[in-house]
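See structure below.
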Amino acid sequence: MNIIADENMPFVTECFSSIGEVLTVSGREITPKVVADKDVLLVRSVTPVNEDLLAGSRVKFVGTATIGFEHIDIDYLKDNNIGFASAPGSNANSAAEYVIAALLDIGQKHNINLKGKSIGIIGVGKVGSKVAKKCTALAMKTYLNDPPLHRETRDVKYLPLEDLYDCDFITFHTPLTFEGIDKTFHLADEKFFKSLKSGCIFINASRGGVVDSSSLKEAIKSGKMRATILDVWEDEPNIDTELLQIVDIGTPHIAGYSLDGKIAGMIMIYKAACEYFGLDAKFDVEDFLPKPSMPQIKIKPTSGGEQEVLLNVVRQVYDIREDDAKLRRILKKSAQTRGTFFDDLRKNYPIRREFQNTNVVLATELTSKKLEGIGFKIANSQSV
């Protein structure tokens, strides 16, 4: 069996070589010629998979190691009896931890106590629900908007979008859809930003096209936004560098890029491929996860206020400032090379582990509950 895979999947060769011969290339270099004689196609979000790519090929199975699959023409796959699998929820915890890191960083930068602040979460699926849980652990007030879930459950906790406009923070976690009653393309448009309360802090870690970049720039320049955090951008990898210069935190679409999430996603589509072809899966997540580089953090009794302690612990595992600084180097690149630079940041992203791999020692009872609530393990000082 011949397999073509995005090289940006860790251990994909080691894993999938158990069922076939694996060739890896850059996701943007997966072309009709490359896939023509392949049986299995494994992609991430940068590769559009449709008739233009697959027509005339012998591809029998497509797997995307991502939560979303708007880059996949599902109808074409169904019409041509091509198997398909995605990785729902695989990097949800990673993306939620990104939001927590951003909240704590912005809290310090703007001297904001997160306790009691309101956060509107737009899209309450795999990622949004984890964001809500972690924000609740930080004693924030969560307001949820998810029209499909509201129609499905009739749960009153899912509010109309208008009910979120007065929140202190707004964070997006929706898929990108272009039609229908739940269309999200440019959901955050001029009207949306004008409706928000002055001083709102805006976060987008979903898809770039959910936000109308021009409207966001106007909102920032007008002073409407107190702060803006963007992990995703319209027209990636050729991002709007003017927008980058005026946001507080800008990162290269890596919110879900923890090693834990990447390997989980890869294993999900590996098992799906094995099932599709009637093969036994020989590997699981544990076969590829290394030991964490930060297995334990000890907090000194004089480490500072509670939110400062939380920030310092999070930064020892994931310092969002580093990703922001790396992306800003794109401003020194020529317009012709910026797209490649953006892609290279993602391709060469350093190992980042999730909070649950780290034990925290000597936290006060209240801080311990918050650290545990956002994902860390808590160890008694007498047991270590």
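None of these values were measured; they are calculated from a predicted model.
- Using a cutoff of 4.0 Å between basic side-chain nitrogens and carboxylate oxygens, Arg58 and Asp39 are scored as salt-bridged.
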Can I get a per-line list of side-chain donor-acceptor pairs under 3.5 Å for residues 3-13, giving both atom names and the distance, sequence neighbours left out?
| residue | atom | partner | partner atom | Å |
| --- | --- | --- | --- | --- |
| Asp6 | OD1 | Asn8 | N | 2.7 |
| Glu7 | OE2 | Lys347 | NZ | 3.0 |
| Asn8 | ND2 | Tyr257 | OH | 2.9 |

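- Two different hydrophobic clusters hold Val34 and Leu42 under the rule that ILVMFWY side chains link at heavy-atom gaps under 4.5 Å.
- The aromatic rings of Phe84 and Phe69 sit perpendicular to each other, their planes meeting at more than 60°, with 30° as the lower class boundary.
- Of the candidates Ile74, Val40, Leu54, Val62 forms a side-chain contact (heavy atoms from CB on, under 4.5 Å) with just one, namely Leu54.
- Checked by atom type, the side-chain pair Asp260/Asn357 shows a donor-acceptor distance below 3.5 Å.
- Close placement of the Phe172 and Phe192 rings is indicated, their centers lying within 6.0 Å of each other.
- Salt bridge present: Lys271 and Asp284 bring a charged side-chain N and a carboxylate O closer than 4.0 Å.
- In this structure, Phe277 has no ring pair (Phe, Tyr, Trp, His ring centres under 6.0 Å) partners at least two apart in sequence or on a different chain.
- Judged by distance alone, the side chain of Asp146 and the main-chain N or O of Val124 form a donor-acceptor pair under 3.5 Å.
- Note: Tyr318 and Phe355 fail the aromatic proximity criterion, with ring centroids not under 6.0 Å apart.
- No hydrogens or angles considered: nothing links the side chains of Asn50 and His71 as a donor-acceptor pair under 3.5 Å.
- For the residue pair Asp166/Tyr143, the side-chain donor-acceptor check at 3.5 Å is not satisfied.
- Side chains of Tyr98 and Thr251: a donor on one and an acceptor on the other come within 3.5 Å.
- The closest donor-acceptor contact from the side chain of Gln307 to the backbone of Asn113 lies at 3.5 Å or more, if one exists at all.
- For Thr184, the side chain to side chain contact (heavy atoms under 4.5 Å, CB included) criterion is met by Thr174, Leu176, Thr177, Val210, not counting sequence neighbours.
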Please assess Phe16 against Tyr270 for the test ring pair (Phe, Tyr, Trp, His ring centres under 6.0 Å), listing each intermediate value before the final yes or no.
CA-CA 7 Å; Phe16 276 84; Tyr270 166 69; 5.3 Å; yes
